[in-house]
*Asks:* 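Below are the C-alpha cells for one structure; questions will follow.
These numbers were taken from a predicted model, which means no experiment stands behind them. Just so you know, ligand 1 is whichever comes first in the structure, and atom 1 is the first atom listed for that ligand.
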Amino acid sequence: MSEIVPGLEGIFVAKTRTSRVDGEAGELTIGGFPVERLAPAASFEEVVFLLWEGRLPTASEYRTLRNDLAARRALPAETLPLLRRAAQRSLHPMDALRIGAATLSLSDEDPLANSRGANTERARTLIAAFPTLVAAYAQLCAGKNPVEPDPMLGHAANYLQMLNGAPATAETVRALETYLNTVVDHGMNASTFASRVIVSTRSDMTSAVVGSIGALKGPLHGGAPGPALDMVFEIQKRAQISGQPIAEEARRWAEKAITAGERIMGFGHRVYKVRDPRAEVLGAAAARLFADREDAALYRDARTVETELRSTLARLKPTHRLETNVEFYTALVLHGIGLPANLFSPTFAISRVGGWTAHVLEQIDDDRLIRPRAMYVGEFDRPWTPIEER
Ligand code: ACO
C-alpha cells in the first residue's frame, strides 16, 4: 500500500477480544456483552476481570481481585511530595496523574522483570492506585490532606470517599460504576493505540499506561466533557437572561458556533455515524441519578440542548453525520455525582486504564512491533552549506 490513510481511519492494526465498535449500527460490545447490558449491572472489578480473562469472574475470583486491588491502593512514599509540588504549580490533574502514575515504578517489587506476569502485577497496581492519585491530588489542590483509602470499600465507592472525605450514597456509587464500565474500552482509540505502540517495543506496562494518559488528555479524546457541560450552563444562563425558551437559545448558540467554524463539544465521532450507544447508557444513568433531585432541571435542560444541537448540526453540516457522543452525558453524570469538571478527564482515565492494561496484555501476547511508515515529502540531494555561509 503506497497511499496515506489520514488519521489511520478504517485501518485494522490488531486483533482484540476486549471490545468491538460498530460505528454504522451504533453498537458497542465489551467482552461479548452489549454495553447496555453490562455497564448498569456490573461492578468495575468484574469488568476488569472480564477484559483480562475474557469471562466473568466466579464469586470467589471476584472477591480475590477486589481484595487484591484494595490492598494496592497506597502510593509510594515519594509520590505525595511530588503531587504537593504539582498542586502548588496548579498543574492540570491529568499532568498530576501522569507524574503520579510514573512513580508507581518505585513500589515495583521486581522493577527489571518484564515477563507477562510482572506486567500483570503492574496492571493491578496501576488500576488500584489511579483513584488514590486523582483523589489525593484533588484534596491537595483544595488545601486538604489526602483521605486514606478504605480497603473495605469497592473501587468506585472508595474513590468517591477519598474525593469527598465522606461515604458516598448507593445511587452515586452505582452511577459512577455505570460510567466507569461504559467507557472502560473502546476499540482502537488513540490512547489505547499509544499503549499498544509503546509495549510493542517490548517496553513495560507502566511505560505504556503513562503514555496513554498523555494521549487521553487532549480535547479531541478525553478532554471534551468539561467544555460540554460548560456549554449547557452557558445556554441555560442565556435563556435565563433573555427569557427565551432554552431550545431557542441552544439553536442560536449552535448556529453562531458552527458558522464561526467552532466544534461543538460532545458531538461527532470518528467511528460512530449514529448516536454513540454510550450516550444512551449514560443518558439513562443521568435520568436515574437526577430523578427527584432539586437540580433535576439540569437533566431536562441538557436533553433539550442535545435535541437542538443535533438538529442544528444536521441542518448546517448536512454532509456529516454529527451525533451525540459519550462526552455529552459523561459531563452530566459526573457532575451529578458531584465531581468538579477538572476531574472529568482523570476519572475517564481511572476507567480506561482497565482497557489499556487489557490491550497491553494482548499486545504482549502478539509480540509484534508496531511500526508503520511515513511518506517522505521533503527534498532530495540538497547541497551542504557551511554554517558561516548561511
Ligand atoms: N461540531 C461541529 N463540527 C464538527 C464537529 C463538532 N463537534 N465534529 C466534526 N465536525 C465537522 C468538522 O468541522 C469537519 O467539517 P468540514 O469538513 O466542513 O471542515 C467535519 O465535521 C469532519 O470533521 P473531522 O475532524 O474530519 O472528523 P473526525 O472524525 O476527525 O472528528 C472528533 C471526530 C474529533 C470527535 C470531532 O467530531 C470533534 O472534534 N468533536 C468535538 C470534540 C469531542 O466531542 N470529543 C470527544 C470525542 S469522544 C471520545 O473521544 C471519548
*Asks:* With nothing but distance in play, are any N or O atoms of Ile258 less than 3.5 Å from an N or O of ligand 1?
*Replies:* no
*Asks:* Could you list the atoms of ligand 1 found under 4.0 angstrom from a heavy atom of Leu220?
*Replies:* 39 (O), 45 (N), 47 (C), 50 (O)
*Asks:* In this structure, does ligand 1 have an atom that sits under 4.0 Å from one of the heavy atoms of Thr319?
*Replies:*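 Outside the 4.0 Å threshold, so no.
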*Asks:* Tell me which one of Leu322, Val326, Val271 gets a heavy atom nearest to atom 5 (C) of ligand 1.
*Replies:* Leu322
*Asks:* Quick one: does Gly266 get an N or O within less than 3.5 Å of an N or O on ligand 1?
*Replies:* yes
*Asks:* Could you state whether Leu91 and Leu140 fall into the same hydrophobic cluster, counting links through intermediate Ile, Leu, Val, Met, Phe, Trp or Tyr residues with side-chain heavy atoms under 4.5 angstrom apart?
*Replies:* yes
*Asks:* Out of all atoms in ligand 1, which are within 4.0 Å of some heavy atom of His221? Include the element for each.
*Replies:*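 Near His221, meaning under 4.0 Å from one of its heavy atoms, ligand 1 has 46 (C), 49 (C), 50 (O), 51 (C).
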*Asks:* Does Asn325 have a heavy atom less than 4.0 Å from any atom of ligand 1?
*Replies:*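 Asn325 counts as a contact of ligand 1 under the 4.0 Å cut-off.
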*Asks:* Hydrogens and angles aside, do Thr347 and Tyr159 bring a side-chain donor and acceptor to less than 3.5 Å of each other?
*Replies:* yes
*Asks:* Quick one: do Glu362 and Arg17 make a salt bridge, cutoff under 4.0 Å?
*Replies:* no
*Asks:* Should Glu262 be listed as contacting ligand 1, given a heavy-atom distance under 4.0 Å as the test?
*Replies:* yes
*Asks:* Counting only nitrogen or oxygen atoms and a 3.5 angstrom limit, does Arg278 reach ligand 1?
*Replies:* no
*Asks:* With respect to His155, which candidate in Leu65, Leu176, Val48, Ile350 satisfies the side-chain contact (heavy atoms from CB on, under 4.5 Å) definition?
*Replies:*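 Only match with His155 under side-chain contact (heavy atoms from CB on, under 4.5 Å): Ile350.
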*Asks:* Using the ring centroid of each side chain, check whether His269 and His186 are separated by less than 6.0 Å.
*Replies:* yes
*Asks:* Within the 4.0 Å heavy-atom shell around Lys317, which atoms of ligand 1 are there?
*Replies:*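 Listed by number with element, the hits are 3 (N), 13 (O), 15 (O), 16 (P), 18 (O).
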*Asks:* Going by side-chain contact (heavy atoms from CB on, under 4.5 Å), Phe328 matches just one of Val232, Leu282, Ile264. Which one?
*Replies:* Val232
*Asks:* Under 4.0 Å from any heavy atom of Gly268, which atoms of ligand 1 are there?
*Replies:* 35 (C), 37 (O)
*Asks:* Quick check on contacts: which atoms of ligand 1 are under 4.0 angstrom from a heavy atom of Met265?
*Replies:* 42 (C), 44 (O)
*Asks:* Using a 6.0 Å distance limit plus a 45 degree cone around the ring axis, check whether Arg116 lies over the aromatic ring of Trp52.
*Replies:*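 No, Arg116 and Trp52 do not form such a contact.
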*Asks:* Tell me whether the centres of the aromatic rings in Phe49 and Tyr62 are closer together than 6.0 Å.
*Replies:*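 No, they do not, as the ring centres are separated by 6.0 Å or more.
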*Asks:* Report the member of Glu323, Arg263, Glu9, Glu327 with the shortest heavy-atom distance to atom 24 (P) of ligand 1.
*Replies:*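 The option holding the nearest heavy atom is Arg263.
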*Asks:* I'd like to know whether ligand 1 has Pro219 as a neighbour, heavy-atom separation below 4.0 Å.
*Replies:*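 Right, Pro219 reaches ligand 1.
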*Asks:* Establish, for the pair Arg352 and Phe348, whether the NZ or CZ atom is under 6.0 angstrom from the six-membered ring centre and no further than 45 degrees off its axis.
*Replies:*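 No, Arg352 and Phe348 do not form such a contact.
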